[in-house]
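Worksheet: one structure, shown below.
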Amino acid sequence: MFLGIDIGTSSVKAVLTDADGAVAGSASRPCTVSRPHPLWSEQEPEDWVAAAVAAVDELAERRPADLAGVLGIGFSGQMHGAVLLGADNRVLRPAILWNDGRSHRQCATLEETLPTLRAISGNIAMPGFTAPKLLWVAEEEPETFAALAKVLLPKAYVRWRFTGAMVEEMSDASGTLWLDVGRRDWSDDLLAATRMTRAHMPDLAEGSDAVAQLSPELARRWGMKTPPLVAGGAGDCAASAVGLGAITPGDGFLSLGTSGVVWRTTDRFLPNPAMAVHAFCHALPGVWHQMGVMLSSAASLAWAASTLGAPEAELLAPLGDAVDGPSPVAFLPYLSGERTPHNDATVRGLFAGLSAETTRDAMVQAVLEGVAFASRDNLVALGEGAPTVFDLAGGGSRSRLWARICADALGVTIHRIEDGEVGAALGAAHLGRMAATGESPATVCRKPRRLETFTPDPARAEAYSQAWLRWRRLYPLAKEFAS
C-alpha cells in the first residue's frame, strides 16, 4: 500500500492506493483561509499539520491493515506559499499563500532590477510566486526578515514535521521564482535579487526520489510495520499530472480546483512569459510542463454558493446536465486577481448583463461559463501545439454540466475520469510508490479510467465562441472599476 497526502487550500486529503494503483481509501479535513487585509491570503502552517495527522488518523481507524502495510508516502501541496522559519525552526508569521496579491509592487522591482529573471526562471514575476513575497517581508516586516533562517513551501513544511528532513522537489521549487528551471537548480542570481542565499533554501530532489523516512513516532501512531520511505513529491498541479498519467510530451488536462489549470507536458524547458504562461519542471526527471493558470476556478462557484446562501449542489441542480447555450449574463471570475493571460493582481470579478428578469439560475450558469471562458484564455495562451483532448480534474469535475460547458466553450474533447477529485493526492501516492519500489513512471503513472466523454456540439460551440469574444471585452471595464 502507498499513501498520498495533499496539502490543499480548502482541505487536506489523504489517499491510500493499492498494488494496482487504485484508490483504496481516502479521508480529508477542511482548512480555512485568513484575509486580514485587501489582497492578503494567509494560513497557519500548524493547521496543515493537524489536518494531515487527523486525515491519516481516520484512515488508520477505518483501514488499519492497509495503513500498516504502507511502503511509501508522497506529499503534494498548494504551490508558492511562504512558510518562514527562524533559527530555532519556529514559524515566524502566518504563511503567505499562492492567491495573495500584496507583493505586486515588489514584482515590478524584481523585473526592473534583474533583466535576466524571465530567462532564468521562465516566468513573469507574479505576486503569487514565493520570491516577491519575501521581498515584501524584507521591506514591510524587516524584523521578521532579519530573523529568517529557512523558507519552506507548504508541503515541504508538513513533510519536515513528519520526517525531520527539509527538502523540496523541482515542480514546487519552479514556482518560487528562485529556481533555474532549465538547469533544475537554485539560481544564485534570483536568490540575491530577494536578499537571500542558498542557505535559506531546502535541499533539492526529484519528485520520485526517496528523500526521508516517516518518523518512528508517527509510524507507531498509525500501526505501520516499518517507517515508510517518503518521496520528494510534487506541487499540486504536477501531482495531478502524475495521478492522471500526463507524463508524456503533449499530454494535457484541465483542472477545476480552487484555482484552475490548463496543462501541457513538455520534453524540455519552454518558457512563454509574454503570455503569462508558467513554464515549470515536472515532478519526474527530465520532463517539464507549461500551465495557464487562473486564480478562482471552483473557488468562483464556492463564492457564489456562499453569497447566494445555498449549497453548490442546490445551485447546480436546476440547471441539469446540459444547457441550450450561453447565459444572457456574463461573469468574470477574477475574485483574487488573475494570472494567465493578464498577470493582474488588482483586477476584480464582474457580473454584466443583469436585468430585472435575471434569475439565480442564469447567474450560476454565468459563473460556470466565466470559468470556462477563462480556461479558453489559458488554452489560447499555450499557443500552437496546445492539446485538444483533456482529462478533467479537481472538485469541479463532479459536474457533468460543467464538463459539457467546458467542451463547448473551449472547443475541445473533455473526459470525466475516475477519482478526478483526488488527482493530486493520488499522484503523491504514485510518487511515494516510485520512491519505495524503484518502479518506472510508465509502470506506475497509468491514465485513469474515463467515465464519460464530451465533445463540442457545433451549434453551441459557435455560440460560445461569440460569447467568449464579448466576454473578453469586459476585462478593461473590470480593471477600470477595480482601480
Side-chain angles (χ1 to χ4, degrees), residues 2-16 25-34 41-62 67 70 72-100 130 133 144 148-169 172 202-203 211-224 227-236 239 258 422 424-425 427-429 431-432:
F2 306 94
L3 178 64
I5 301 172
D6 177 49
I7 311 302
T9 311
S10 59
S11 68
V12 169
K13 300 181 182 71
V15 166
L16 275 170
S26 65
S28 67
R29 290 294 184 275
C31 296
T32 59
V33 175
S34 171
S41 180
E42 299 182 341
Q43 285 180 320
E44 293 291 343
E46 188 60 32
D47 292 348
W48 303 327
V49 177
V53 170
V56 183
D57 280 348
E58 181 181 332
L59 289 176
E61 182 178 346
R62 289 196 284 111
L67 207 64
V70 167
I73 299 174
F75 285 86
S76 61
Q78 50 172 297
M79 298 180 69
H80 315 301
V83 183
L84 279 56
L85 303 180
D88 58 356
N89 291 331
R90 179 176 54 88
V91 174
L92 298 175
R93 68 173 325 284
I96 307 175
L97 301 189
W98 56 273
N99 55 353
D100 187 289
T130 322
K133 294 176 171 62
T144 299
L148 179 66
K150 274 297 192 229
V151 179
L152 297 181
L153 297 170
K155 74 141 181 342
Y157 175 76
V158 178
R159 179 174 50 226
W160 167 64
R161 292 288 301 277
F162 275 43
T163 68
M166 290 189 180
V167 183
E168 193 47 89
E169 52 72 44
D172 229 354
D203 295 333
V211 300
Q213 275 189 308
L214 185 67
S215 74
E217 293 78 13
L218 287 176
R220 285 194 296 270
R221 178 187 183 112
W222 294 323
M224 294 170 171
L229 289 173
V230 179
D236 52 3
T258 301
V422 295
L431 291 166

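Remember, predicted model here, so these are calculated numbers, not experimental data. Throughout, numbering of the chain's residues begins at 1 and tracks the sequence.
Under the 4.5 Å side-chain criterion, counting only non-hydrogen atoms from C-beta, Cys31 is not in contact with Asp47. Met79 has its side chain within reach of Asp236: a pair of non-hydrogen atoms, C-beta onward, lies under 4.5 Å apart. Using a 4.5 Å heavy-atom threshold, the side chains of Glu44 and Thr32 count as separate. Contact of the Val167 side chain with the Val230 side chain is not registered, since no non-hydrogen atoms from C-beta on lie closer than 4.5 Å. Val91 has its side chain out of reach of Leu84: every pair of non-hydrogen atoms, C-beta onward, lies at least 4.5 Å apart. Taking the side chain as every heavy atom from C-beta outward, Ile5 and Val158 never approach each other to under 4.5 Å. Side-chain contact between Leu67 and Met224 is present, with at least one heavy-atom pair separated by less than 4.5 Å. Counting heavy atoms from C-beta outward, Trp160 and Val83 have side chains that stay 4.5 Å or more apart.
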One pair to check against side chain to side chain contact (heavy atoms under 4.5 Å, CB included): Asn89 and Met166. What are the steps and the verdict? CA-CA 11 Å; Asn89 291 331; Met166 290 189 180; 3.4 Å; yes
Going through the checks in order, is the side chain to side chain contact (heavy atoms under 4.5 Å, CB included) test met by Tyr157 and Val49? CA-CA 9 Å; Tyr157 175 76; Val49 177; 3.8 Å; yes
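For Glu61, the CD atom is loosely surrounded, since the number of other residues' heavy atoms within 6.0 Å does not exceed 12.
Taking every heavy atom of both residues into account, Ala428 and Ala239 meet most closely at N-CB, 4.3 Å. Residues Gly8 and Gln78 approach most closely at O-NE2, 3.2 Å, considering heavy atoms.
The residues Asp172 and Lys155 are annotated as salt-bridged, a charged nitrogen and a carboxylate oxygen being separated by less than 4.0 angstrom.
The main-chain N or O of Gly232 is found under 3.5 Å from a side-chain atom of Arg159 such that the two form a donor-acceptor pair.
Trp222 pairs by the side chain to side chain donor-acceptor pair (under 3.5 Å) definition with Asp57, not counting sequence neighbours.
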